[in-house]
Colleague: 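Pasting a structure here, questions to come.
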Amino acid sequence: MRGLARLALTRVPAKLIGRRRQGGADTGLDPQVAAVLELQRRMKLTALETHAPAKARVIAEQGLSLLDVALEPMAEIIETAGTVPMTIYVPHGASDHWIVYLHGGGGVIGSVKGSDPVTRLIAAQTRCCVASIEYRLGPEHKHPAAIEDAVAAFESIRRRAKGRVIVAGDSFGGFLATHVARRAKPDLQVLIYPMTDSTMSKPSLDRHAEGYLLTKPLIQWFRSNYWNDSDDRRAASPLFWTDPPRVPAIVITAGFDPLVDEGDAYAEALQAAGIQVIHRRYPSLVHGFLSLSGGVKAGRKAIDVMCRDIVAELG
């Protein structure tokens, strides 16, 4: 099935794109991404935000599996069940360096299992051991439970690591990674289409509100399930910090993403503060392209570039 999905994207994208994806607001959209989006539209899937969180987690974990990258073999995979559960991926020829990886999902969905293909790929390409963290989710465990778990997990890895320790995360995981960077000072922070503005003030939330996998209604559902009514969302938003963490950063953003403006703005804020930043902006891609990279060539290339950047930063 995985091979058939890739073949469909490679051989017949034009048949799936249709007029709706060939111009107007979609000008510049990657053709293979457009094929995925048009297929999703034709399937008329029920929106995640119409389900209870527990069911939404199951649907999300299964939804894009055919387009995940192929599973890279590991020398060892270790599952731990401590205070903060995690899965450790040890690649063949592992170095002494570590990456603590925080999956996306708005603080409500997502899991170590769901991010398994991409974390394996990152481990294989960087030769770093990757610890993928099963932090607590809302609404069962609201803010700041996920942040506390992320920081605790990072510090536990740093105590055992002989080399440098990086924090990385996508989407909400990028939000968590910024908090880890602020509180635990890793050697590098890797933020993949990160959430940095919980006040939802940036124009791209409306510009790309519908039709690009992550939607504005889904973002609102995430935030209603993650935040407490009394939380100061602005104070917790990295974009508004007057003292951003002085940790070198790799920031990756996607042009057709409701969060692109806040990701771009955060990269600019770090640069303005004199912090070393590599900002890779992919104008033709969408939020969540990590999960499409088994079929979308541009997404896979972006992962490859990110891994090369990480290796270069490690020296």
Side-chain angles (χ1 to χ4, degrees), residues 83-86 98-112 115 119 130-159 161 164-202 219 222-223 225-228 230-253 259 262-271 273 275-277 279 287 310:
T83 304
V84 183
M86 65 181 75
W98 285 75
I99 298 173
V100 174
Y101 193 86
L102 302 157
H103 65 77
V108 183
I109 63 175
S111 66
V112 166
S115 59
T119 46
V130 175
S132 187
I133 310 306
E134 201 78 86
Y135 56 84
R136 288 172 291 173
L137 301 174
E140 298 89 343
H141 305 281
K142 291 200 170 188
H143 177 79
I147 294 173
E148 299 298 336
D149 286 355
V151 173
F154 180 86
E155 291 180 337
S156 73
I157 292 298
R158 183 160 57 186
R159 286 193 293 270
R164 301 172 75 185
V165 187
I166 296 167
V167 66
D170 66 279
S171 192
F172 181 82
F175 167 78
L176 296 179
T178 63
H179 281 268
V180 171
R182 194 182 199 195
R183 291 171 54 174
K185 299 297 186 292
D187 293 292
L188 177 70
Q189 53 181 324
V190 181
L191 314 177
I192 307 163
Y193 34 79
M195 182 193 96
T196 66
D197 177 11
S198 295
T199 69
M200 300 183 67
S201 65
K202 289 298 182 182
I219 294 169
F222 283 151
R223 297 186 186 186
N225 280 289
Y226 171 73
W227 295 97
N228 300 288
S230 59
D231 290 331
D232 186 340
R233 301 188 187 189
R234 183 181 177 90
S237 297
L239 186 59
F240 302 114
W241 292 342
T242 57
D243 57 339
R246 307 199 69 79
V247 174
I250 297 170
V251 182
I252 298 166
T253 56
L259 305 188
E262 60 195 78
D264 289 348
Y266 191 61
E268 292 166 5
L270 293 178
Q271 290 171 331
I275 298 163
Q276 176 189 329
V277 179
H279 182 194
H287 191 95
I310 290 171

Colleague: Quick one: pull up CG in N225 and NE2 in H143 and give me the separation to the nearest 0.5 Å.
Modeller: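 The NE2 atom of H143 is 15.0 Å from CG of N225, to the nearest 0.5 Å.
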Colleague: So does V84 get a backbone contact from the side chain of D149, meaning a donor-acceptor N/O pair under 3.5 Å?
Modeller: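 Checked: no pair found.
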Colleague: CD1/I310 to CD1/I99 distance, rounded to the nearest 0.5 angstrom?
Modeller: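 Reported to 0.5 Å precision, the distance equals 4.5 Å.
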Colleague: Work out which heavy atom in P186 is nearest to a heavy atom in V165; give both atom names and the distance.
Modeller: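 Looks like CB-O, 3.6 Å.
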Colleague: State the CD1-OH distance between I133 and Y101, to the nearest 0.5 angstrom.
Modeller: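 One gets 12.0 Å once the value is rounded to the nearest 0.5 Å.
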Colleague: Give me the atom names and distance for the closest heavy-atom approach of P139 to V108.
Modeller: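 Between these two residues, the closest heavy atoms are CD-CG1, 4.5 Å.
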Colleague: Using 0.5 Å steps for rounding, measure from the OH atom of Y226 to the CD1 atom of I219.
Modeller: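 Going from OH on Y226 over to CD1 on I219, the span is 15.5 Å.
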Colleague: OG1 of T199 to CD of E262: how many Å apart, nearest 0.5 Å?
Modeller: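 Reported to 0.5 Å precision, the distance equals 8.0 Å.
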Colleague: With no hydrogens and no angle check, is any side-chain donor or acceptor of W241 less than 3.5 Å from a backbone partner on A235?
Modeller: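 Yes; judged by distance alone, with no hydrogens or angles, the pair exists.
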Colleague: Under 3.5 Å, side chain of E134 to main-chain N/O of P85, donor-acceptor pair present?
Modeller: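 Absent.
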Colleague: Can I get a per-line list of side-chain donor-acceptor pairs under 3.5 Å for residues 175-182, giving both atom names and the distance, sequence neighbours left out?
Modeller:
from, atom 1, to, atom 2, distance (Å)
T178, OG1, F175, O, 2.5
H179, NE2, A236, O, 3.0
R182, NH2, D243, OD1, 2.8

Colleague: Judged by atom type as modelled, is there a donor-acceptor pair below 3.5 Å linking the side chain of D232 to the main-chain atoms of R234?
Modeller: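 Indeed, once roles are kept as given, a pair shorter than 3.5 Å links the two residues.
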Colleague: Counting C-beta onward and ignoring hydrogens, is there a side-chain heavy-atom pair between I147 and R183 closer than 4.5 Å?
Modeller: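 The answer is yes, as the side chains (C-beta and beyond) meet within the 4.5 Å cut-off.
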Colleague: Does the pair E148 and H141 meet the rule for a side chain to side chain contact (heavy atoms under 4.5 Å, CB included), with working shown?
Modeller: CA-CA 11 Å; E148 299 298 336; H141 305 281; over 6 Å; no
Colleague: Side chains of P248 and L188, heavy atoms from C-beta outward: is any pair under 4.5 Å?
Modeller: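 Yes, at least one pair of side-chain atoms sits under 4.5 Å.
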Colleague: Okay, side chain of S198, backbone of S237: is any donor-acceptor separation there less than 3.5 Å?
Modeller: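 Not a single qualifying donor-acceptor pair exists.
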Colleague: Below 4.5 Å, heavy atoms only, C-beta onward: do M86 and I157 meet side chain to side chain?
Modeller: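 Yes, at least one pair of side-chain atoms sits under 4.5 Å.
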Colleague: Which heavy atom in S171 sits nearest to a heavy atom in H287, and how many Å separate them?
Modeller: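 That would be OG-NE2, 2.8 Å.
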Colleague: Rounded at 0.5 Å granularity, tell me how far CZ in F222 sits from CG in L137.
Modeller: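 Answer rounded to 0.5 Å: 10.5 Å.
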Colleague: Check whether any side-chain N or O of R158 sits under 3.5 Å from a backbone N or O of A184 as a donor-acceptor pair, and report yes or no.
Modeller: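 Judged by distance alone, yes, a pair lies under 3.5 Å.
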Colleague: Hey, are H279 and D264 close enough side-chain-wise for a donor-acceptor pair under 3.5 Å?
Modeller: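 Looking only at side-chain atoms, H279 and D264 do form a donor-acceptor pair, the distance falling under 3.5 Å.
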Colleague: What heavy-atom pair brings A146 and F172 nearest, and what distance separates the two atoms?
Modeller: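 For A146 versus F172, the nearest heavy atoms are CB-CE2, 4.0 Å.
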Colleague: Listed by chain and number, what are the side-chain hydrogen bond (donor to acceptor under 3.5 Å, both in side chains) partners of D187, not counting sequence neighbours?
Modeller: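 By the side-chain hydrogen bond (donor to acceptor under 3.5 Å, both in side chains) rule, D187 matches no residue at all.
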Colleague: Just checking, any donor-acceptor pair under 3.5 angstrom between side chains of H103 and S132?
Modeller: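 The criterion, which ignores hydrogens and geometry beyond distance, is not satisfied for S132 and H103.
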Colleague: Does the side chain of Y266 come under 3.5 Å of the side chain of D197 through a donor N or O and an acceptor N or O?
Modeller: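 No donor-acceptor contact under 3.5 Å links the two side chains.
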